[in-house]
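Keep in mind the model is a prediction, meaning the values are calculated, not measured.
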There are 2 protein chains.
Amino acid sequence: MDGVNARKNTAETTATTSPRRQAQGDAKGKGRSSSGLASERRDHLVKLAAEIFARKGFQATTVREIAQEAGILSGSLYHHFDSKETIVDEVLSQFLEDLIARYRAALESDADARTVLSEMIRIGFGTLEPHRAAITVMQNDWNYLRQWPRFDYLVKAEDEVEQMWVGQIKRGQADGLFREDVDPKLTYRMIRDTIWVAVRWFRPGGRLNTDGLAEHYITMLFDGLAKGERTTHKA
Amino acid sequence: MDGVNARKNTAETTATTSPRRQAQGDAKGKGRSSSGLASERRDHLVKLAAEIFARKGFQATTVREIAQEAGILSGSLYHHFDSKETIVDEVLSQFLEDLIARYRAALESDADARTVLSEMIRIGFGTLEPHRAAITVMQNDWNYLRQWPRFDYLVKAEDEVEQMWVGQIKRGQADGLFREDVDPKLTYRMIRDTIWVAVRWFRPGGRLNTDGLAEHYITMLFDGLAKGERTTHKA
DNA sequence: GTCTATATTCTGATAGAC
DNA sequence: GTCTATCAGAATATAGAC
């Protein structure tokens, strides 16, 4: 009695979306966004919702669909969350917390910039599987979500991550490991984009797993597509 | 009397979205999607709509908003288009037609693979400015739109483009210009992603124009980030 | 913690006058 | 080609019984 699509669901149909009441004040207790102590039930609902958000887009997902997937009625969802925004908030902040924690750990190493960057790339691709839904939502609905003050923290997290990456790229240049004629910030953006957008086509069962993806990209990034021996620092 | 927000607009407010009647049969004449002969008025409306779609997302954009931006009422839009889907259809197909035409021209050259690929990269970045809105919509609403049979052509166009790129990468490998230990399809995807996702942060007035972006990326792609002389074919 | 029932608002789209 | 007026449906969210 846990599975998807349990119960019969009277008086509920399906359809599409839109933010209506606008997530009034955030508050009370149901409107939390990260901080621990989520009930398992709540967490399960968040995971279900994330999958639907990823598949259909945040706005195209209705609270009815989320409830139906959980085998309850839409009204019951509001016992756990005070708005649809709160649900997606939880999806995204869980991902960002995990990601930033992993990056911080990688930065504690005293390895050279190329090694640290390689590790950050592996971390990035490594989140593709466990956080596939959240990353998809972040990619597709970023523009929409960032409109609301509630999601200001998305931009803050983005900035913090950018500083980590750019810092390593600059260090690599200063240490003579990386060419100086590339722009650190621009390079970071392109790396970032390449990693995250892979969520659109990456499927766990495919030819390459995320480790393979990461190594492929690390090779390309540092050594390039062109053939020819080079006198290069070796990771 | 052309500007935005003309007239007074009785009985119309603003808000958000969702597909309702589902674009019933496509047909008649208002439901075309590419093919020439669009009126200037129609075309102007498509451009306005594209900007809003890009800013808010397709589903979050209401026909009322589009109409308001054009200085008319929502009902009047249906003189030009038979559904909201028809509008976004036009946005996307105009972009894809232009893009594919440019790629085809580049492929007619008999230059080596590296040169042709470089040109395709320049073409890609070059569309960022004239087609910014369309590219943004395609990125953000792709998952949603591709659900509807009406937008099957999006996937077809994607496949055609993929063949062009992968063909050049393989040719470069066969000719000994590119390393053989990279996967052509995977490499293409990463290139493609890097180019299009730039639409998220690229702003025309910034430090680099799209040509600068393209050259930066071409450098990185072929020669890599690592320092060190190499015995490389020179474009 | 879930359901029943419903309020309120907004949505895409239509019909016909001008 | 635009407006007026409106339909019919679907959305989020709420209140209170169980």
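One atom, CG of L73(A), and another, P of dA15(D), lie 18 Å apart when rounded to the nearest Å. Summarising the geometry, the separation between NE2 on H80(A) and C1' on dA13(D) is reported as 15 Å, rounded to the nearest angstrom. dA15(D) atom P lies 13 Å from atom CG of D82(A), rounded to whole Å. Protein atom NZ of K56(B) is 12 Å distant from nucleotide atom C1' of dC10(C), rounded to whole Å. At whole-Å resolution of the value, CG in L45(B) and P in dT2(D) are 7 Å apart. Protein atom CZ of R64(B) is 14 Å distant from nucleotide atom P of dC3(D), rounded to whole Å. A straight line from CZ of F81(B) to P of dG1(D) spans 11 Å, rounded to a whole angstrom. In this structure, CG of L77(A) is placed 13 Å from P of dT14(D), rounded to the nearest angstrom.
Close to dC3(D), at under 4.0 Å from its OP1 or OP2, lies no side-chain N or O of H79(B). Using a 4.0 Å cut-off, no side-chain N or O of Y78(B) falls inside it from OP1 or OP2 of dT14(C). One finds no side-chain N or O of R42(A) lying less than 4.0 angstrom from the OP1 or OP2 phosphate oxygen of dG1(C). Applying the 4.0 Å criterion to OP1 and OP2 of dC3(C), one finds that S76(A) has a side-chain N or O inside that range.
For the pair R42(B) (side chain) and H80(B) (backbone), a donor-acceptor distance under 3.5 Å is present.
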Between L96(B) and L154(B), is a side chain to side chain contact (heavy atoms under 4.5 Å, CB included) present by the stated rule, with each step listed?
-> CA-CA 8 Å; L96(B) 285 175; L154(B) 291 179; 3.7 Å; yes
Please lay out, stage by stage, how R102(A) and D98(A) fare under the test salt bridge (charged side-chain N to carboxylate O under 4.0 Å, His left out).
-> CA-CA 6 Å; R102(A) 287 167 190 256; D98(A) 183 36; 3.1 Å; yes
L208(A) and E215(A): side chain to side chain contact (heavy atoms under 4.5 Å, CB included), yes or no, with the steps?
-> CA-CA 10 Å; L208(A) 261 59; E215(A) 298 313 319; over 6 Å; no
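Distance from the side chain of I72(A) is smallest to dT2(C) among dG12(C), dA13(D), dT2(C). Among the nucleotides dA13(D), dC3(C), dA13(C), the one closest to any side-chain atom of S74(A) is dA13(D).
By the 4.5 Å heavy-atom criterion applied to side chains, M138(B) and V91(B) are not counted as neighbours.
Put simply, the side chain of R41(A) and the base of dG1(C) share no donor and acceptor less than 3.5 Å apart.
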